[in-house]
Amino acid sequence: MSKYITTPIYYVNGEAHIGHAYTTFIADSMARYEKLKGEDTYFLTGTDEHGQKIEESAQKNNKPTQQFADEISATFKNLWDEFEICYDKFIRTTDEEHKRGVQKAFEVMMAKGDIYKDFYEGHYCVSCETFFPETQLIDGAFCPDCGRSTNVVKEESYFFRLSKYQDALLKHYAENPDFILPRSRANEVINFVKGGLRDLSVTRTSFTWGVKLPESMHDDKHVMYVWLDALMNYVTALGYGQEGEKMSYWPASVQFVGKDILRFHAIYWPAFLMSLDLPLPKTIGAHGWWTRDGEKMSKSKGNVISPKEVSDAYGVENLRYFMLREVPFGQDGDFSQRAFIDRINSELSNDLGNLLNRIIGMSGKYSDFLIDSKDVERYHAKELAAMAGVLASLDEYMETLQTHRYLEELWKLFSIGNKAIEEYAPWVKMKENKADEALATVALVANILAKAALMLSPIMPKTTAVIADTLGFAIDNANYRALVREGKLLAPFTIKKTPPLFPRIEEPLMAEAPAAKPNEKEIEVKKEKPKAQEKKEETTGLIEIGQFFETSLKVGTILEAEAVEKSAKLLRLQVDLGEAKPRQIVAGIKEFYTPESLVGTQACVVANLKPAKLMGMLSEGMLLAAKDEDGLCLVRPEKPKKAGTPIG
Ligand code: MSP
């Protein structure tokens, strides 16, 4: 069966940042992995160029919209080319074939009775290109996803009968537990759908930068809603609505998206596909967000990391390794140079690089650089069995998108190699005139490195090609089958004297992040997740007790409370946690408590959350509360306790 892997298509309102690079690296690694295994694989990426957001960005930059889109799209394509991303197609939604495919889809949906004309009145967030009913807005005006203010839209619109697909979607989620990965993310989608789906407005009349309706509609007032246009890219890239010569790749095996656009991909997209009578993708893989030194990245804060800057300083392959190793797929990750350098030094330089250097050195001394696997089975059956066990476990991690676990497991191979060198001490064996034993250990390690290089190649293609070349073989499907699948050993070869691949890094090579400028307009609607959740077991949702205790819960005494002006929800509290000074906590409880009723009372506080900003005010903790249809109540100790008393 063929494989089809996609990234989201990136908006052309600004150049690529590290978050875009992350999705592209994972997808590229997955595509390379499938190709290594000999699968017929098609890998798609591209740019999303229509809609109000792009039109407004072009206007701000005083450029014609198409020219602006051309320029930014080229920056993405050039960057991916510089990074040697192995995409098979780079689609642009301004491509004529794409537009024709979207129009065709509109006609098919229309013929199916899934589209009707009505009038839309509601709120619209241009930044997220999303409609919101008033009930979902923060303080009646702000976008619940990005916190920016929304516009009121009143216009004639064609609607897609999303509501018709509610039951079919729920059935699909239930029957296909891998449709949304990690599985822990599926619940939010299922709950959203269970909450009731409204029909979706799929055309706009208040601007023109979009795909026109098909001529058969005889209605040129409307352009397509950008998400209908954008989502269709995954099939128009394969020729949907034209000759469709690549449609055999559909359905996609994995579609990578960030968690912020999961709803579009796990609800709208499958509903559109059902309407078009096309099969649904096997998996939507939703990854988390990258922050910089604990701060959310945003252009207005000036702390966005450019992937080019990082790759110029540290090399793109080190960056790929770091990003895929550092963060459990689906969870948020922090980019800090310290953590990056630590991983390069300890995992790439020490564990992997040194192992290669050691066998180059030993084989030079003992056998004039000649390495022969002939005695490996005789002396190292135990290590070979351990190695086979690790290799056999890897597939599942990649299939379930757990790149961090994949790499963690893969690194066990280097431990086996390093341990074997310590245990069998080839230099001692040489002194004892047991050269065949010493050379068998060197050959064992060469084989470990060869197999590991094959399995690391999807993530670090160029570096592993150098390792393979050093070890006298090439990274390809034939060697993958022989060395990894069939457990064969390397034919005799002369090792090359390759210089160290991962020189240690002592000092950060990039300027540190500028102190993030607070953005007063931005409301932090999403609190940072507690650390414990980062390690949540992905398949069962269960955590270890130790992970629970990573959350510091304390009794707090509320010393002061006041209403936050212009906010319907927020109270600003000063809470004593038994520390040198009280903490300011901004809590969304105004509808349920008057400030006076809180002063002097106690509450349970999450004390080790990263501080967050709400309406420009620093909040240094969170109160525990329970909310149901009757309202919200704070969770409090049954009897008064000293401020700061730990809970757990
Ligand atoms: N154009 C839409 C996608 C349409 S797909 C049919 C879009 N574009 S985007 O450029 O805003 O975002 C593209 C991807 O980058 C999304 O998956 C988003 O989650 C991801 N990221 C944007 N910022 C990010 C981080 N800071 N960290 C990780 N990824 C984030 O949405």
Side-chain angles (χ1 to χ4, degrees), residues 5-27 44-54 57 69 72-73 75-76 79-80 91-94 98 101-102 105 125-130 143 145-146 148 185 210-211 224-237 252 254-270 272-273 281 284-301 303-307 310 319 323-324 326-335 513 516 526 528-529:
I5 292 158
T6 65
T7 71
I9 45 172
Y10 304 108
Y11 283 131
V12 289
N13 63 328
E15 290 186 12
H17 62 61
I18 207 91
H20 303 131
Y22 177 57
T23 329
T24 306
F25 290 156
I26 310 181
L44 175 73
T45 189
T47 43
D48 186 356
E49 306 186 13
H50 288 127
Q52 205 171 343
K53 170 152 110 169
I54 308 303
S57 298
I72 306 272
S73 176
T75 65
F76 275 92
L79 186 69
W80 301 156
I91 191 171
R92 299 183 55 188
T93 53
T94 49
H98 168 77
V102 179
C125 173
V126 176
S127 180
C128 298
E129 297 280 17
T130 308
C143 171
D145 286 348
C146 73
R148 292 182 176 84
R185 285 232 165 265
V211 179
M224 306 264 186
Y225 171 41
V226 63
W227 272 102
L228 171 61
D229 162 4
L231 287 162
M232 287 304 300
N233 94 87
Y234 300 127
V235 289
T236 60
V254 195
Q255 302 209 262
F256 287 101
V257 299
K259 63 180 183 181
D260 52 319
I261 57 170
L262 175 60
R263 201 190 316 152
F264 299 95
H265 284 81
I267 302 175
Y268 300 172
W269 178 224
F272 293 160
L273 288 167
I284 305 291
H287 65 72
W289 271 54
W290 282 86
T291 51
R292 180 174 201 173
D293 299 317
E295 287 270 358
K296 189 171 168 188
M297 276 185 275
S298 84
K299 281 194 203 122
S300 48
K301 283 186 195 160
N303 67 343
V304 173
I305 303 177
S306 139
V310 186
L319 176 60
M323 296 194 97
L324 268 62
E326 178 76 358
V327 181
F329 184 82
Q331 292 173 20
D332 291 348
D334 190 48
F335 186 94
K526 290 172 211 137
E528 299 274 353
K529 270 197 202 135

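Along the sequence shown, the residues carry numbers beginning at 1. When a ligand or atom number is given, it counts from 1 through the structure's own listing order.
- For the residue pair Glu49 / Thr94, a side-chain donor-acceptor distance below 3.5 Å is found, with atom types taken as modelled.
- In this structure, atom 11 (O) of ligand 1 lies nearest to the protein heavy atom Tyr11 CD1, 3.2 Å.
- Below 3.5 Å of separation, one finds no N or O of Trp227 facing any N or O of ligand 1.
- Here atom 6 (C) of ligand 1 lies nearest to Tyr234 when heavy atoms of Tyr22, Phe76, Tyr234 are compared.
- Here's the thing with Lys53: none of its N/O atoms is less than 3.5 angstrom from an N/O atom of ligand 1.
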- Message: Before you tell me yes or no, could you show the steps for Tyr268 and Trp227 under ring pair (Phe, Tyr, Trp, His ring centres under 6.0 Å), namely the whole-Å CA-CA distance, both residues' side-chain angles and the distance that decides it to 0.1 Å?
- Response: CA-CA 9 Å; Tyr268 300 172; Trp227 272 102; 7.7 Å; no

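- Of the protein's heavy atoms, Asp260 OD1, 3.4 Å lies nearest to atom 18 (C) of ligand 1.
- No side-chain N or O of Ser57 forms a donor-acceptor pair with one of Tyr11 less than 3.5 Å apart.
- Put simply, part of Gly288 is less than 4.0 Å from ligand 1, judged by heavy atoms.
- Inclusion of Ile261 in the set of residues having an N or O under 3.5 Å from an N or O of ligand 1 is not warranted.
- Closest protein heavy atom to atom 24 (C) of ligand 1: His17 CE1, 3.5 Å.
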- Kindly determine whether Thr6 and Gln255 satisfy side chain to side chain donor-acceptor pair (under 3.5 Å), including the steps that lead there. CA-CA 5 Å; Thr6 65; Gln255 302 209 262; 3.0 Å; yes

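- Electrostatic pairing of Glu129 and Lys53 does not count as a salt bridge here, judged by no charged N lying under 4.0 Å from a carboxylate O.
- Atoms CZ and OG1, on Arg263 and Thr130 in that order, are 6.5 Å from each other to the nearest 0.5 Å.
- With a heavy-atom cut-off of 4.0 Å, Val257 touches ligand 1 through its backbone alone.
- Between Ile9 and ligand 1, at least one N/O pair is under 3.5 Å apart.
- Taking the six-membered ring for Trp, Tyr234 and His265 have ring centres closer than 6.0 Å.
- Considering backbone and side-chain atoms together, Asp48 places an N or O closer than 3.5 Å to an N or O of ligand 1.
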